[in-house]
K.L.:
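Take a look at the following structure, please.
As the structure lists them, so they are numbered: ligands from 1, and atoms in each ligand from 1.
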Amino acid sequence: MVKENIKINLLGLSRDKLINFFAEIGEKPFRAKQIMQWIHQYGVHDFDEMTNISKSLREKLKGISKIEGPEIVLQNISSDGTRKWVMKMPGGSSIETVLIPEGDRGTLCISSQIGCALDCSFCSTGKQGFNRNLSTEEIVGQIWNAIASFDNLDRVKDRPVTNVVFMGMGEPLLNFDNVMDAISIMMDDFAYSISKKRLTISTAGVVPAIDKMCGLTDASIAVSLHAPNDELRNQLVPVNKKYPIKVLLDSVRNYLDQLSDKRKATIEYTLIAGINDRKIHASQLINLLKDVPCKINLIPFNPFPGSGYKKPSNTEVRFFQDMLINAGYITTVRTTRGDDIDAACGQLVGKVEDRTRRSARYIELQELKN
Ligand code: SAH
């Protein structure tokens, strides 16, 4: 793992990987916990601040490793307190991360890829095309940067990030290994201690990856359903042609069944005027989900230039919601937060350079690392 001249970014190493890293340099496993606390709990990037680590080990670490988050090129704070960051990636692309504060909860919406390959018809990230997967350190770097942006933080008392949702740019389950490593760091008690109920992977329905999650993680799951029948879903969420609704819902049920607690999936349903928001759609949805332990989150479509779709009126949203509630489903409507800074769902576009091929520079770096 330790190669000459290439400094390993410790931000991206899970506890297991840190233990291996220390073993390779002849150090005991407990060093992994120590360093995780420094990096993730105290936000330290300078090895010299790590007072319980000997000077000689600090020097050794400086020679072979670094602690470095993605470069923040823009931070916006919305009038409602929502924060959005644009972070620049090697190769010129950028990603976006959003923090939504609500009472004593702070939900961080993070990105897992630069762009997205799934091309859902109503999503502006999809319209940007796909560039590459984010590395584990780039995913974890988003929470690290978000917390570091708070001045005068009492790191024990104030927890600006209590919940994490993989609902930013990208399809997390198409970046499986890095996302699994990132969530193991986020859930680690020596890092961010985000509980399984407060960490949600959102997927458009990559069924083999949902199956693969069984036994590997117990994070919560959200499914971007958006349509109650295959014909419509094929148009809105093209991955449905590969993994149709029944196969998807079976896989979700199976994932929930093997968890040690009785947890529900979140069904995300973006309401698009005249497309999937009619009474017939609500009726079909009620029928479709009757055997799936779930709660439903309705997202009124957020328009973007050239989308060709419209947002339903509040009355229409209310009507749809009431039908689901009357049928016994817990149904919430996602309030639009941070839209004055373009931080709302489907507005996270970043800047996707070089979308047809992976950045040559990035591949070079990866090859050097491997
Ligand atoms: N690829 C994952 C993660 C993205 S999550 C997934 O599909 O679940 C982002 C959520 O916002 C998804 O439910 C997505 O379908 C929804 N969304 C995307 N564009 C939107 C828009 N313009 N208006 C409202 N919701 C949108």
K.L.:
At a non-hydrogen distance cut-off of under 4.0 Å, which region of M169 contacts ligand 1 (side chain, backbone, both, or neither)?
P.N.:
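For M169, there is no contact with ligand 1 at all, from either part.
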K.L.:
Which atoms of ligand 1 have any heavy atom of A204 under 4.0 Å away?
P.N.:
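Counting from 1, the qualifying ligand atoms are 6 (C), 7 (O), 8 (O).
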K.L.:
Side chain or backbone of T203 under 4.0 Å from ligand 1, or both, or neither, by non-hydrogen atoms?
P.N.:
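Contact part for T203 vs ligand 1: backbone (N, CA, C, O).
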K.L.:
Tell me whether the centres of the aromatic rings in H226 and F122 are closer together than 6.0 Å.
P.N.:
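Centroid distance H226-F122: below 6.0 Å, so yes.
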K.L.:
Provide the number and element of each atom of ligand 1 under 4.0 Å from a heavy atom of F166.
P.N.:
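Counting from 1, the qualifying ligand atoms are 3 (C).
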K.L.:
Is there a donor-acceptor contact under 3.5 Å from the side chain of R105 to the main chain of N163?
P.N.:
no
K.L.:
Do any N or O atoms from the side chain of T162 and from the backbone of G106 form a donor-acceptor pair under 3.5 angstrom?
P.N.:
yes
K.L.:
Cation-pi between R83 and F150: NZ/CZ under 6.0 Å from ring centre and within 45° of the ring axis?
P.N.:
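Output yes; distance and angle both within limits.
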K.L.:
For T270, which part has a heavy atom under 4.0 Å from ligand 1: side chain, backbone, both, or neither?
P.N.:
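Side chain only.
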K.L.:
Which value, rounded to the nearest 0.5 Å, describes the distance between Y243 atom OH and T203 atom OG1?
P.N.:
10.0 Å
K.L.:
Give the contacting part of E268 toward ligand 1: side chain, backbone, both or neither, where contact means a heavy-atom distance below 4.0 Å.
P.N.:
side chain
K.L.:
Which atoms of ligand 1 sit under 4.0 Å from any heavy atom of G170?
P.N.:
1 (N), 2 (C), 3 (C), 4 (C)
K.L.:
For ligand 1, is A222 a contact, meaning one of its heavy atoms is under 4.0 Å away?
P.N.:
no
K.L.:
As an exercise, identify every atom of ligand 1 less than 4.0 angstrom from a heavy atom of C123.
P.N.:
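Here the atoms of ligand 1 in question are 18 (C), 19 (N).
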K.L.:
Going by the order shown, which atoms of ligand 1 are within less than 4.0 Å of some heavy atom of I299?
P.N.:
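It comes down to these atoms of ligand 1: 24 (C), 25 (N).
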K.L.:
Under 3.5 Å between any N/O of S124 and any N/O of ligand 1: does that happen in this structure?
P.N.:
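Min N/O separation from ligand 1 is not below 3.5 Å for S124.
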K.L.:
Is it true that Y309 lies under 4.0 Å from ligand 1, counting heavy atoms only?
P.N.:
no
K.L.:
Would you kindly specify which portion of F122 sits under 4.0 Å from ligand 1, judged on non-hydrogen atoms: side chain, backbone, both or neither?
P.N.:
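Both backbone and side chain.
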K.L.:
In Å and rounded to the nearest 0.5 Å, what is the OG to CG distance from S121 to L236?
P.N.:
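Here the interatomic distance stands at 4.5 Å.
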K.L.:
Looking at F176, I'd like to know if the NZ or CZ of K212 sits under 6.0 Å from its six-membered ring centre while staying within 45 degrees of the ring's axis.
P.N.:
yes
K.L.:
Would you say L216 ends up clustered with V164 if hydrophobic residues are merged whenever their side chains have heavy atoms under 4.5 Å apart, either directly or through other cluster members?
P.N.:
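V164 and L216: one cluster.
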K.L.:
Contact between G168 and ligand 1, counting heavy atoms under 4.0 Å?
P.N.:
yes
K.L.:
If we count only N and O atoms by modelled type, under 3.5 Å, do the side chains of Q113 and N133 hold a donor and an acceptor together?
P.N.:
yes
K.L.:
If you take the nearest heavy atom of each of R334, M167, H226, which one is closest to atom 14 (C) of ligand 1?
P.N.:
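It is H226 whose heavy atom sits nearest to atom 14 (C) of ligand 1.
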K.L.:
Do NZ/NE/NH1/NH2 and the carboxylate oxygens of E68 and K7 come within less than 4.0 Å?
P.N.:
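Between K7 and E68 there is no salt bridge, as every charged N stays at least 4.0 Å from the carboxylate O atoms.
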